[in-house]
S.K.: 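Please find one structure pasted underneath; my questions will follow.
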Amino acid sequence: MTAGHTVLPAVAGSVSVGISSLPAVVDLPFRDGYVSSIIFVSLYVSLVAVTLSTLVSVPIALLTGFTDFPGKRLVKSIINTGMGFPSVVVGLLVLFAVSNQGPLGSLELIFTREAMIMSQFVLATPPITAITLAAITGVGDDVRDAARVLGGTRLDVALVVIKEARYGIATAILAGFGRAISEVGSVLIVGGNITSSDGVSKTRTLTTAIQLEARQGQYETAMVLGAVLVGLVLTVNAIVVRLGDTGAMNR
Amino acid sequence: MSIQRRRFLQALSVGAVASIAGCQAPGQTSADGAGVAGETLTLTTTTSTYDTGLLDAIHPQFEEMYGVTVDAVAQGTGAALESARNGDSDVVMVHARGLEDEFMRNGYGINRRNLMFNDFVIVGPESDPAGIQGMDSATDALTAIADAQATFVSRGDNSGTHTKELNLWEAAGTDPGGDWYQETGTGMGEALNIANQQGAYTLSDRGTFISQRSEIDLTILVQGPIEGGPEILANPYGIMAVNPGVHDNANYDLAMAYIGWITSPQAQEAIAEYQVNDEQLFFPEAVSEDPNFQQYVPEGWSSDDSEE
């Protein structure tokens, strides 16, 4: 908690500088660190979850893509089913897991960012795995053969394939990020939508804040937050696309 | 936007107090905190106490005094009690005496106190198609709405307000159903908006209605007891600690500190002084000349009533 408090104002300050040029109507909520801390929590939770998902998904996709084993189709269909798994059900399952009565109850994770990260991890992993798998499978056999002929180990071959499939993998990560940051049901259930009484977000994200504002009939604030959310997703997408272009030019 | 404005003012005042207090060593300042400084209290509560801004207004006082943080989770009465039942919160503030009594009887809660009250009102469009304006019986009003098949929006979410509404229908001897009766499964504010857009009736707590009145066209048609309406529309709030004998991870010391504080004359005064649009939303009930032992035990409790 103490660490969070020292980090938040710094981030809050830097974000609100960029937004202060908005019209006066929407200016107020940004000034007191409320919205900036919500943006921070949204990004923090989603980025950590997607990073963890990527670390798990890419190896799984490589293993599934490169090896033949009985039940491979089953694994693929499980991954594909996971892509459409309802997020509130994920929230419910994570709630059962981290609730005091659940198997992870002793860790006291309920109503924390960690619980939100868990549910977003579960949500983001299937799309990242499935799209990465498609990207890897799409890399031509000739590339793999070439790498193998040149004396590459399995790791070398994997690296070559990852390099070839990097746009597809970037798309996969973006899809996972999109699912994580726009999620509302599960983070509301396991996070609790908490701010401290001075208005700094603890587990409130852009989506749960929009839900709350809509519940209170504060549609203007909800719209502003919605615009911020869309802007954030666009920005992250633009950055990733930009990185991809730079990579292509350097090649 | 009033909520944001208030947050802004609070942030200012909290910031000012913090900068003054900054020269003292944190954690050692709260001698009266009895070792709870730095801890976090998880409070699950109904949406009405949260959405009206009451908790944001009064919690800084408690947090300053004890050097602690309150995590308020607004869930609706049914869900708030369920979280407490699972040991996921330390203290629970709700408004459905029947559900509270069940919670106490089952041993999940201890040290229940009456906290405060306001009342429910029946609101609807000014055109008032069912002609209920000025009725002094809530059940007659509901019967009239049912007879007229005028659209009625029900929370349908197992909240305190929903529970009260169902009790009212039962008392009216009507089993509501059909196209005119719409269960939304949403919080009070959203239910008011839905009723507003449809020109429908709904049962609302006075606090949420007042805090939203400027944005909706609905009007109060049947008053609650605060304005001389029937007693059946009373809306008492209770507070209970989660029993550490059932959930040993419950932060019982802090929960009791919180209950002690919020039932103190000081906090009760803060509750009484809290206003939205120049109207008082909650009426303190914890400090009173009346002994009222009924607040400590489930209603209808007798000593040979022990185990369920």
Side-chain angles (χ1 to χ4, degrees), chain A residues 1-2 4-5 9 12 24-37 95-96 98-102 105-113 115 188-204 208-209 211-222 224-225, chain B residues 1-15 18 26 38-40 42 44 47 50-53 55-63 69-75 79 83 85-89 186-193 196 208 211-212 214-216 242 247-250:
Chain A
M1 221 37 233
T2 40
H5 273 300
V25 185
V26 294
D27 200 27
L28 202 53
F30 292 91
R31 226 183 270 162
D32 58 7
Y34 173 64
V35 171
S36 43
S37 67
L95 175 73
F96 291 152
V98 300
S99 167
N100 182 50
Q101 301 296 84
S106 56
L107 301 177
E108 306 216 323
L109 292 176
I110 186 72
F111 306 138
T112 63
R113 291 178 193 168
L188 193 59
I189 293 174
V190 302
N193 198 26
I194 297 169
T195 58
S196 60
S197 52
D198 56 357
V200 175
S201 165
K202 184 190 171 203
T203 60
R204 182 168 299 172
T208 58
Q211 194 267 357
L212 173 72
E213 298 294 343
R215 187 175 85 199
Q216 298 179 345
Q218 312 269 7
Y219 293 124
E220 292 150 22
T221 316
V224 173
L225 291 170
Chain B
M1 303 302 281
S2 64
I3 301 241
Q4 259 62 41
R5 202 162 297 130
R6 208 158 50 236
R7 281 207 185 96
F8 175 54
L9 290 174
Q10 271 161 20
L12 270 186
S13 55
V14 168
E39 293 181 12
T40 298
T42 303
T44 48
T47 49
Y50 190 88
D51 288 358
T52 51
L55 296 183
D56 277 348
I58 65 171
H59 278 169
Q61 196 187 85
F62 175 71
E63 295 181 329
T69 310
V70 180
D71 283 355
V73 183
Q75 292 183 315
S83 289
R85 213 171 261 126
N86 289 332
D88 293 336
S89 69
T186 56
M188 192 69 249
E190 209 153 30
L192 280 169
N193 280 315
N196 184 44
T208 308
S211 61
Q212 237 171 290
S214 57
E215 290 158 55
I216 53 179
V242 171
H247 293 298
D248 55 13
N249 70 323

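In the text below, chain A, chain B and the rest are named by the order of the sequence lines, each starting its count at 1. All values reported here derive from a predicted model rather than from experimental measurement.
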S.K.: Just jot down the side-chain contact (heavy atoms from CB on, under 4.5 Å) partners of Thr203(A), sequence neighbours excluded, or say none.
M.R.: Arg113(A), Met116(A), Ile194(A)

S.K.: With a 4.5 angstrom heavy-atom cut-off, which part of Thr208(B) approaches chain A: side chain, backbone, both or neither?
M.R.: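 Thr208(B) has no heavy atom closer than 4.5 Å to chain A.
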
S.K.: Is it the side chain or the backbone of Ser83(B) that comes within 4.5 Å of chain A heavy atoms, both, or neither?
M.R.: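 When you check distances to chain A, only side chain atoms of Ser83(B) fall under 4.5 Å.
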
S.K.: Quick one: which of Thr47(B), Leu55(B), Val70(B) has the most heavy-atom pairs under 4.5 Å with chain A, could you say?
M.R.: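 Option with the greatest count: Thr47(B).
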
S.K.: Hey, which of Thr186(B), Leu192(B), Asn86(B) has the most heavy atom pairs under 4.5 Å with chain A?
M.R.: Asn86(B)

S.K.: What pair of heavy atoms forms the shortest contact from Val73(B) to Gly192(A), and how long is it?
M.R.: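 Closest heavy-atom pair between Val73(B) and Gly192(A): CG1-O, 3.6 Å.
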
S.K.: For Phe111(A), check ring-ring contact (aromatic ring centres under 6.0 Å, His included) against everything at least two apart and list the hits.
M.R.: none

S.K.: Could you tell me the separation between the NZ atom of Lys202(A) and the OG1 atom of Thr40(B), rounded to the nearest 0.5 Å?
M.R.: 6.0 Å

S.K.: With rounding to the nearest 0.5 angstrom, report the CD1 to CG distance, Ile110(A) to Asn249(B).
M.R.: 11.5 Å

S.K.: Name the option with the most non-hydrogen atom pairs under 4.5 Å to chain A; the candidates are Ser89(B), Ala74(B), Ala72(B), Ala250(B).
M.R.: Ala72(B)

S.K.: Measuring from Asp71(B):CG to Thr112(A):OG1, what's the distance to the nearest 0.5 Å?
M.R.: 10.0 Å

S.K.: Answer yes or no: is there a side-chain heavy-atom contact under 4.5 Å between Asp88(B) and Val98(A)?
M.R.: no

S.K.: Can you find a heavy atom in the side chain of His247(B) that is under 4.5 Å from one in the side chain of Gln101(A)?
M.R.: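 Yes, side chains in contact.
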
S.K.: Rounded to the nearest 0.5 Å, how far does CD of Glu190(B) lie from CG of Leu212(A)?
M.R.: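 Rounded to the nearest 0.5 Å, the CG-CD separation comes out at 10.0 Å.
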
